[in-house]
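After the C-alpha cells below, expect a handful of questions from me.
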Amino acid sequence: MSFQFSLQKAMDICKQNKDEARRQYEVAEEEFKMVATTLYYLLKEKEQVEQQFEFAQDEKQTIAQLISTKVYLQGLGKQVANQQQQTNESRENMEQKKRKLHECVRSYKQYERLKEKQLRNAQEEERRTEQKLMDELSTTHYMRLRVK
C-alpha cells in the first residue's frame with residue numbers, strides 16, 4: 001500500500017512560494033548591503049573632509065579654498081541624507097521580504113507536519129490491517145488443525 005498525501009500539490013506550490021520568497025529576500029539583502037556600504041563610504045569621506053576643513057582653517061588657506069571645501073561638505077551632506085533615505089527604504093524592503101519568507105516557511109512546515117501525521121496514521125492503519133489478517137489466518141489455521 002502506497003501512501004499518497006492528499007495535499008501534495010498544495011504543498012509543492014507552497015514550497016515554490018517559499019523558494020521564491022527566499023530568493024527575493026536574498027536579493028533584497030544584497031541590495032541593502034550595497035546601499036549601506038555606499039552610505040558608509042560617504043560618511044567616511046564626509047568625516048575626512050570635515051577633518052581636513054578643520055585643519056585648513058588653522059592653516060593659512062585662501063577664502064576661496066575654504067568656501068570650496070564648505071560647498072563640497074554641504075554637497076556631501078545632501079548625498080548622505082539621500083543615501084540614508086535609500087538605506088532606510090532598502091532596509092524596510094528587506095524586512096518585508098524577510099517577514100514574507102518566515103510566513104512561507106511557517107506555512108510549509110504546517111504542510112510537512114500534516115503530511116507526517118497522515119503518513120503515521122496510514123502506517124498505523126496498515127499495521128492494524130496486517131495484524132487483523134494475521135489473526136484471521138491464525139484462527140483459520142487453528143480451526144483446521146482442530147477439526148482434523
Note: E92-R99 ion pair, threshold 4.0 Å (strictly below):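 So E92 pairs with R99 through a salt bridge.
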Heavy-atom check, side chain of E30 versus side chain of K33, under 4.5 Å: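 Yes, side chains in contact.
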Backbone N/O of V35 and side chain of Q83: donor-acceptor pair under 3.5 Å: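 Checked: pair present.
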Partners passing side-chain hydrogen bond (donor to acceptor under 3.5 Å, both in side chains) against Q24 (at least two apart in sequence or in another chain):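 Result, side-chain hydrogen bond (donor to acceptor under 3.5 Å, both in side chains) vs Q24: E20.
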Hydrophobic cluster (4.5 angstrom, side-chain heavy atoms) - remaining members for F32: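 Y25, M94, L101, V105, all in the cluster of F32.
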Nonpolar side-chain network containing V49, other nodes, edges under 4.5 Å: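 When side chains under 4.5 Å apart are linked, the cluster holding V49 also contains L39, L42, L43, F53, L66, Y72, L73, L76, V80.
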OG1-CE distance between T37 and M34, expressed to the nearest 0.5 angstrom: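 Between atom OG1 of T37 and atom CE of M34 there are 9.0 Å.
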Apart from I67 itself, residues in the same hydrophobic cluster as defined by side-chain heavy atoms under 4.5 Å: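 In the cluster with I67 are I63, V71.
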Qualifying residues under side chain to side chain contact (heavy atoms under 4.5 Å, CB included), relative to E89, sequence neighbours excluded: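 Per chain and number, E89 pairs via side chain to side chain contact (heavy atoms under 4.5 Å, CB included) with Q85.
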All salt bridge (Lys or Arg N to Asp or Glu O under 4.0 Å) counterparts of R106, not counting sequence neighbours: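 Checked R106 against salt bridge (Lys or Arg N to Asp or Glu O under 4.0 Å); zero matches.
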For C104, all residues meeting side chain to side chain contact (heavy atoms under 4.5 Å, CB included), sequence neighbours excluded: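 Expected list: N17, K18, A21, K100.
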Side chains of Q8 and K115, donor plus acceptor under 3.5 Å: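 K115 and Q8 do have a side-chain donor-acceptor pair below 3.5 Å.
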L119 CG to L114 CG distance, which is reported to the nearest 0.5 Å: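 CG of L114 is found 11.5 Å from CG of L119.
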Carboxylate-amine/guanidinium proximity below 4.0 Å for R128 and E124: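 Salt bridge flag = yes for E124 with R128.
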Residues that E136 engages under salt bridge (Lys or Arg N to Asp or Glu O under 4.0 Å), provided they are two or more places apart: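 So E136 forms no salt bridge (Lys or Arg N to Asp or Glu O under 4.0 Å) with any residue.
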For Q131, all residues meeting side chain to side chain contact (heavy atoms under 4.5 Å, CB included), sequence neighbours excluded: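 Listed in chain order: D135.
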Partner set under salt bridge (Lys or Arg N to Asp or Glu O under 4.0 Å) for E112, not counting sequence neighbours: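 E112 satisfies salt bridge (Lys or Arg N to Asp or Glu O under 4.0 Å) with no other residue.
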Derivation of the side-chain contact (heavy atoms from CB on, under 4.5 Å) call for Q123 and F3: CA-CA 8 Å; Q123 289 171 339; F3 172 72; over 6 Å; no
Polar side-chain atom of S107 near backbone of E103 as donor-acceptor pair, under 3.5 Å: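 Here the side-chain-to-backbone pair does not exist.
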Donor-acceptor contact below 3.5 Å, side chain Q65 vs main chain T62: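 Yes, the answer is positive, given that a donor and an acceptor are paired below the 3.5 Å cut-off.
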Check: Q86 main-chain N/O paired with S90 side-chain donor or acceptor under 3.5 Å: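 The answer is no, because no donor-acceptor pair under 3.5 Å joins these two groups.
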Residues which pass side chain to side chain contact (heavy atoms under 4.5 Å, CB included) with Q110, listed by chain and number, not counting sequence neighbours: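 Counting only residues at least two positions away or on another chain, Q110 forms a side chain to side chain contact (heavy atoms under 4.5 Å, CB included) with R113.
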Any residue meeting salt bridge (Lys or Arg N to Asp or Glu O under 4.0 Å) with D19, in chain and number order, not counting sequence neighbours: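 Result, salt bridge (Lys or Arg N to Asp or Glu O under 4.0 Å) vs D19: K15.
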